[in-house]
Amino acid sequence: MDGFVALVHDLLNESGLNRAHVYCEGYLEVPGWYRPEKKWDLLVVSDGQLIAGIEFKSQVGPSFGNNYNNRTEEAIGSATDLWAAYREGAFHPSARPWLGYLMLLEDAAESTKPVRAREPHFKVFPEFQDASYAKRYEVLLTKLVRERLYDAACFLMSDLQSGRQGRYREPAPELNFQNFITSLLAKAIAVSKGHK
């Protein structure tokens, strides 16, 4: 994921943000409401204001099921914790920060085949019926954005061989990298113009 972090870092700097305001190698903690602090993968902090926070996550097999559940709980929990801390004034005088989530999933037979949901007492929602782990990630990220827990999300898939050469695919147009970075850069440009 280091290449994606570096790319986003460079694009933020090209947008006019001061390089010193983009953190991806240290000083990545911000206060939480349910825990003392949360370490993000990339933060933008300018003039004492939290501008943006991004999580960059990846998953390879073979344990797609356990890892999917862990990633789901982590994504929901991190955003919920940050928004509660924001509500309680932890980042004062910050305007509403921008939150993003970028997920890279191994494009493999085990991640793309249908998975049966367990329904011993109640039916799962239709979008989860026989959904592969790839489809489950797509549903998760779409819901995270539509519920406004994150401002944008990006979902990429790549197999182990072509991924090393920088090749990937974007299975959901709504969750593509262009939408993700355009949303982030709009926030960054607004901030950089406001500080001139």
*Asks:* Each residue besides F122 in its hydrophobic cluster should be listed here, by chain and number; the cluster joins Ile, Leu, Val, Met, Phe, Trp and Tyr at side-chain heavy-atom distances under 4.5 Å.
*Replies:* none
*Asks:* W83: which residues meet the ring pair (Phe, Tyr, Trp, His ring centres under 6.0 Å) condition with it, sequence neighbours left out?
*Replies:* Y86
*Asks:* Measure the shortest side-chain to side-chain distance between L28 and D41 over non-hydrogen atoms and say whether it is less than 4.5 angstrom.
*Replies:* no
*Asks:* Any side-chain to backbone donor/acceptor pair from T80 onto G77? Under 3.5 Å, distance only.
*Replies:* no
*Asks:* Mind checking whether L160 and F64 sit in one hydrophobic cluster, side chains of I, L, V, M, F, W, Y counted as touching below 4.5 Å?
*Replies:* no
*Asks:* Is there a side-chain contact between P97 and L82 in this structure, where contact means two heavy atoms from C-beta onward sitting under 4.5 Å apart?
*Replies:* yes
*Asks:* According to a hydrophobic-cluster definition based on side-chain heavy atoms being under 4.5 Å apart (Ile, Leu, Val, Met, Phe, Trp, Tyr only), do L50 and L149 belong together?
*Replies:* yes
*Asks:* Quick check for you: to the nearest 0.5 Å, what is the distance between R116 atom CZ and D130 atom CG?
*Replies:* 8.0 Å
*Asks:* Under the side-chain contact (heavy atoms from CB on, under 4.5 Å) rule, collect the residues that match up with N176, sequence neighbours excluded.
*Replies:* E170, Q178, N179
*Asks:* Under a 3.5 Å distance rule, please check whether S111 uses its side chain to pair with a backbone N or O of E106 as donor and acceptor.
*Replies:* yes
*Asks:* Could you check if a side-chain atom of K113 sits within less than 4.5 angstrom of a side-chain atom of S132, using non-hydrogen atoms only?
*Replies:* no
*Asks:* Using the test salt bridge (Lys or Arg N to Asp or Glu O under 4.0 Å), find all partners of R136 that sit at least two apart in sequence or belong to another chain.
*Replies:* none
*Asks:* Passes salt bridge (charged side-chain N to carboxylate O under 4.0 Å, His left out), R35 versus D81? Steps please.
*Replies:* CA-CA 8 Å; R35 55 187 163 186; D81 192 32; 2.8 Å; yes
*Asks:* List for me each residue that meets ring pair (Phe, Tyr, Trp, His ring centres under 6.0 Å) alongside Y68, sequence neighbours excluded, and say none if there are none.
*Replies:* Y137
*Asks:* Show me the pairs that pass ring pair (Phe, Tyr, Trp, His ring centres under 6.0 Å) and involve residues 29-62, at least two apart or across chains.
*Replies:* none
*Asks:* My understanding is that only residues two or more places apart in sequence, or in another chain, count here; which of them pass salt bridge (Lys or Arg N to Asp or Glu O under 4.0 Å) with E55?
*Replies:* K38, K57
*Asks:* Working to the nearest 0.5 angstrom, can you tell me the gap between F4 CZ and S58 OG?
*Replies:* 10.0 Å
*Asks:* Between CG of L105 and CD of Q59, what distance do you get to the nearest 0.5 Å?
*Replies:* 5.5 Å
*Asks:* If hydrophobic clusters are built from ILVMFWY residues whose side chains come within less than 4.5 Å, do V145 and L156 share one?
*Replies:* no
*Asks:* Check salt bridge (Lys or Arg N to Asp or Glu O under 4.0 Å) between E37 and all other residues, then give those that pass, not counting sequence neighbours.
*Replies:* none
*Asks:* Sequence neighbours left out, what passes side-chain contact (heavy atoms from CB on, under 4.5 Å) with K143? Give chain and number order.
*Replies:* E127, F128, V139
*Asks:* To the nearest 0.5 Å, what is the distance between CG (L99) and CD1 (I54)?
*Replies:* 9.0 Å
*Asks:* Is there side-chain contact between V45 and H21, with at least one heavy-atom pair below 4.5 Å?
*Replies:* no
*Asks:* For E25, I'd like to know if atom CD has over 12 heavy atoms of other residues, nucleotides or ligands within 6.0 Å.
*Replies:* no
*Asks:* Measuring only between side-chain heavy atoms, which start at C-beta, is R169 closer than 4.5 Å to D107?
*Replies:* yes
*Asks:* Would a single hydrophobic cluster contain both V22 and F177, if residues Ile, Leu, Val, Met, Phe, Trp and Tyr are joined by side-chain heavy-atom contacts under 4.5 Å?
*Replies:* yes
*Asks:* How close do Y150 and A75 get, counting heavy atoms only, and between which atoms?
*Replies:* OH-O, 2.7 Å
*Asks:* How about R87: does its CZ atom have over 12 heavy atoms from other parts shown lying under 6.0 Å from it?
*Replies:* yes
*Asks:* Can you run down the salt bridge (Lys or Arg N to Asp or Glu O under 4.0 Å) pairs that involve residues 144-163, sequence neighbours left out, and say none if there aren't any?
*Replies:* R96-D151, R146-E174
*Asks:* Nearest 0.5 Å, what's the CD1-OG distance between I181 and S15?
*Replies:* 8.5 Å
*Asks:* The criterion is side-chain contact (heavy atoms from CB on, under 4.5 Å); which residues satisfy it with A186, sequence neighbours excluded?
*Replies:* none
*Asks:* Walk me through it: do R71 and Y101 pass the test side chain to side chain contact (heavy atoms under 4.5 Å, CB included)?
*Replies:* CA-CA 11 Å; R71 289 281 185 243; Y101 196 98; 3.8 Å; yes
*Asks:* For residues L11 and V5: do they belong to one hydrophobic cluster (side chain heavy atoms under 4.5 Å, members Ile, Leu, Val, Met, Phe, Trp, Tyr)?
*Replies:* yes
*Asks:* Test L140 against M103 for side chain to side chain contact (heavy atoms under 4.5 Å, CB included), laying out the working first.
*Replies:* CA-CA 11 Å; L140 168 67; M103 178 69 199; over 6 Å; no
*Asks:* Can you list the residues that meet the ring pair (Phe, Tyr, Trp, His ring centres under 6.0 Å) rule with F180, with sequence neighbours excluded?
*Replies:* W98
*Asks:* Judged by atom type as modelled, is there a donor-acceptor pair below 3.5 Å linking the side chain of S158 to the main-chain atoms of R167?
*Replies:* yes
*Asks:* For a side chain to side chain contact (heavy atoms under 4.5 Å, CB included) check, start with the C-alpha distance between E119 and Q129, then their side-chain angles and the critical distance, and finish with the verdict.
*Replies:* CA-CA 10 Å; E119 304 170 292; Q129 290 287 338; 2.8 Å; yes
*Asks:* Answer whether the closest heavy-atom distance between the side chains of P171 and F155 falls below 4.5 Å.
*Replies:* yes
*Asks:* Go through the steps for L43 and I51 under the test side chain to side chain contact (heavy atoms under 4.5 Å, CB included), then give the verdict.
*Replies:* CA-CA 8 Å; L43 283 180; I51 307 304; over 6 Å; no
